[in-house]
Protein chains: 2
Amino acid sequence: MAGQIDLDRTTVADEIVALLRDRIVRGELTPGAQLSENEIAQQLGVSRTPVREAFIQLREQSLLRILPQRGSFVAPINLGQVEDSYFLRETMEIRIVGLAAKNCKAKNADRLRAIVNRQRTLLDGGSDAAFVKADDAMHRYFSEICGRPRVWKVISDAKVQIDRLRCLNAQDQSTRERIVGDHERIVDAVVGGDADAAVGAMTHHLRHIHKNIERLAQQFPGYMDGQKFPSSRAAEARAQRVGDMTARRRTADNNQP
Amino acid sequence: MAGQIDLDRTTVADEIVALLRDRIVRGELTPGAQLSENEIAQQLGVSRTPVREAFIQLREQSLLRILPQRGSFVAPINLGQVEDSYFLRETMEIRIVGLAAKNCKAKNADRLRAIVNRQRTLLDGGSDAAFVKADDAMHRYFSEICGRPRVWKVISDAKVQIDRLRCLNAQDQSTRERIVGDHERIVDAVVGGDADAAVGAMTHHLRHIHKNIERLAQQFPGYMDGQKFPSSRAAEARAQRVGDMTARRRTADNNQP
DNA sequence: ATAAGTGTACTACCATGCAAGTTAACCGGG
DNA sequence: CCCGGTTAACTTGCATGGTAGTACACTTAT
């Protein structure tokens with residue numbers, strides 16, 4: 001039993017959730033790829049129980065499809081679900097940013113400036129993950145400013161499906177620069193207390209994201225919803241080789257270690 | 001091993017989730033009540049495994065608090081969370097009803113009329129559960145009309161915390177009549193294609209609900225957030241006696257049935 | 001050669017057993 | 001009477017074993 005997983009003081013199942021969720025969202029595990037309880041358990045050096053518990057949680061997050069007695073597969077990116085996620089995010093964030101503009105104190109303004117400044121420093125050298133994290137930080141902080149920190153969790157959970165789509169290819173430099181510019185304009189309006197301008201800037205920002213969603217959806221039709229599951233072994237085998245986690249499956253030949 | 005649980009073709013764990021979720025939301029299991037994996041498993045005639053998997057899902061829905069090696073307790077009703085749930089619901093439903101008014105076809109109008117008519121028939125004889133179900137049906141259908149059926153799931157999940165609060169005492173007749181009246185005004189506006197009127201009526205309707213929330217929160221302070229968990233055995237014992245599910249715990253005296 | 005039948009290797013599901021940790025009651029000494 | 005130490009009965013977390021069901025490959029009959 002190795003100590004491959006040791007981050008903080010949560011259960012093993014929760015750590016596996018975080019691990020697999022990250023791999024699925026980042027696209028390392030692609031839609032349709034098969035994940036077996038046994039296999040994950042062996043690779044992580046734990047028993048099947050916490051893995052199974054993690055699978056159930058991922059299913060509830062619409063990231064995994066569990067077919068009883070057949071297998072567990074990374075869920076396809078449901079385009080309708082992506083659209084609904086965007087709808088929810090847009091609706092909530094637009095209202096939130098308007099409220100934030102009316103409630104922004106001096107301390108909030110300082111923090112907002114710091115957040116976007118940090119994001120700008122990440123423009124060149126920063127990794128994609130760090131940039132995304134800084135991106136989220138601003139949106140999340142608006143939720144805090146208007147006194148509703150838990151609302152961000154709902155938005156964030158819905159946003160996962162959007163993030164999966166976005167992670168299909170890395171953002172180019174011009175896109176990242178536009179994002180930071182958008183953020184700076186939004187923060188300017190919020191700090192200035194101009195709710196209408198804030199809502200307008202946020203709307204503009206999110207619409208750009210929506211355009212990207214549509215482009216990516218057309219670019220990667222294979223990962224989208226229509227895909228059937230148990231059939232089409234060829235497609236699954238192709239998907240499996242993307243991540244090393246599902247690289248080789250055991251066969252009758254190499255049963256013993 | 002009895003066949004106490006047999007509804008449809010899902011896993012045992014999922015049925016336990018539905019069962020316990022219902023008991024918690026309806027207030028049969030009150031905040032602070034202890035639920036042990038062993039006890040539930042025995043009462044349902046299943047092993048601890050599916051019960052445990054159900055507990056984890058309920059934890060993710062903020063309905064259960066699992067303290068490792070200590071116990072699992074029905075979560076208190078977090079007032080901040082209730083407020084955030086209301087905020088989300090209000091924001092989403094107001095936008096949705098405006099869109100529904102613009103998109104309402106003749107077929108939708110007929111179904112809306114049918115839904116409120118049915119709710120009115122339930123005004124006198126109907127059970128509380130049936131009335132609530134009919135209530136939800138209208139709100140859910142608005143989500144369908146504007147082509148975003150999945151958004152209702154998010155609203156509904158958030159609404160659980162509000163429902164817990166509401167179920168603390170049954171609605172009196174005048175409240176139910178006011179609700180149906182509200183619904184009829186909303187439907188009138190939507191069917192008439194008047195988005196502004198629909199938004200106004202929905203806002204009015206939801207504000208009433210919010211007033212009720214505040215009243216109930218003051219009425220039942222014991223179920224609210226501040227409650228500590230492992231301490232105050234007296235409060236827990238009191239809570240336990242509410243539902244027969246947790247009526248008597250085994251002690252050293254009555255081990256055998 | 002094609003189609004139906006059979007076996008085998010997988011899958012997720014659930015039952016059970018053990019371990020680590022917490023709590024509360026009990027008991028003896030101050 | 002009050003306080004500290006011990007023990008016993010709980011709790012959840014994790015490991016493991018057995019079972020029903022599925023799918024694929026092989027065999028056999030047509």
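By convention in this document, chain letters (A, B, ...) are assigned in the order of the sequence lines, proteins followed by strands, and residues within each chain are numbered from 1.
Between the C1' atom of D:dT11 and the CZ atom of B:Arg65 lies a distance of 18 Å, rounded to the nearest Å. The CD-C1' distance, from A:Glu37 to C:dC13, rounds to 8 Å in whole Å. A:Leu35 has its CG atom 13 Å from the C1' atom of C:dA12, to the nearest Å. Atom-to-atom, CD of A:Glu53 to P of C:dC14 comes out at 13 Å; the value is rounded to the nearest Å. Distance B:Phe73 CZ to D:dC10 P: 15 Å, rounded to the nearest Å. Look at CZ on A:Arg48: it is 10 Å from C1' on D:dG18, rounded to the nearest Å. Residue A:Phe55 contributes atom CZ, which lies 16 Å from atom P of C:dC14 at whole-angstrom precision. D:dC14 atom P lies 9 Å from atom CD1 of B:Ile56, rounded to whole Å.
For the pair B:Asp136 and B:Lys133, the salt-bridge criterion is not met [side-chain N within less than 4.0 Å of a carboxylate O]. Ion pairing between a basic and an acidic side chain is recognised when a charged N comes within 4.0 Å of a carboxylate O; A:Asp22 and A:Arg26 show such pairing.
Between B:Arg70 and C:dT23, a side-chain N or O to OP1/OP2 separation shorter than 4.0 Å is present. Side-chain N/O atoms of B:Thr11 include none lying less than 4.0 angstrom from OP1 or OP2 on C:dC13. At the phosphate of C:dT11, neither OP1 nor OP2 sits under 4.0 Å from any side-chain N or O atom of A:Ser72.
One donor-acceptor pair, N or O on each side, does fall under 3.5 Å between the base of C:dT16 and the side chain of B:Thr49. If you check distances only, the side chain of A:Gln69 never reaches the base of D:dT22 with a donor-acceptor pair under 3.5 Å.
Of the two residues near DNA chain D, A:Ser47 and A:Pro68, the one whose nearest nucleotide lies more 5' is A:Ser47. Mapping A:Gly71 and B:Pro50 onto DNA chain C by nearest heavy atom places A:Gly71 at the nucleotide closer to the 5' end.
Looking at B:Arg95 and A:Phe87, their side chains come closer than 4.5 Å, going by heavy atoms from C-beta outward.
When each of B:Ile155, B:Val151, B:Leu99, B:Val154 is paired with B:Ser143, the side chain to side chain contact (heavy atoms under 4.5 Å, CB included) condition holds for B:Val151 and for no other.
Counting only heavy atoms from C-beta on, A:Ser36 has its side chain closest to C:dA12 among C:dC13, C:dA12, C:dC14.
Between A:Gln61 atom CD and A:Arg21 atom CZ the span is 4.5 Å, to the nearest 0.5 Å.
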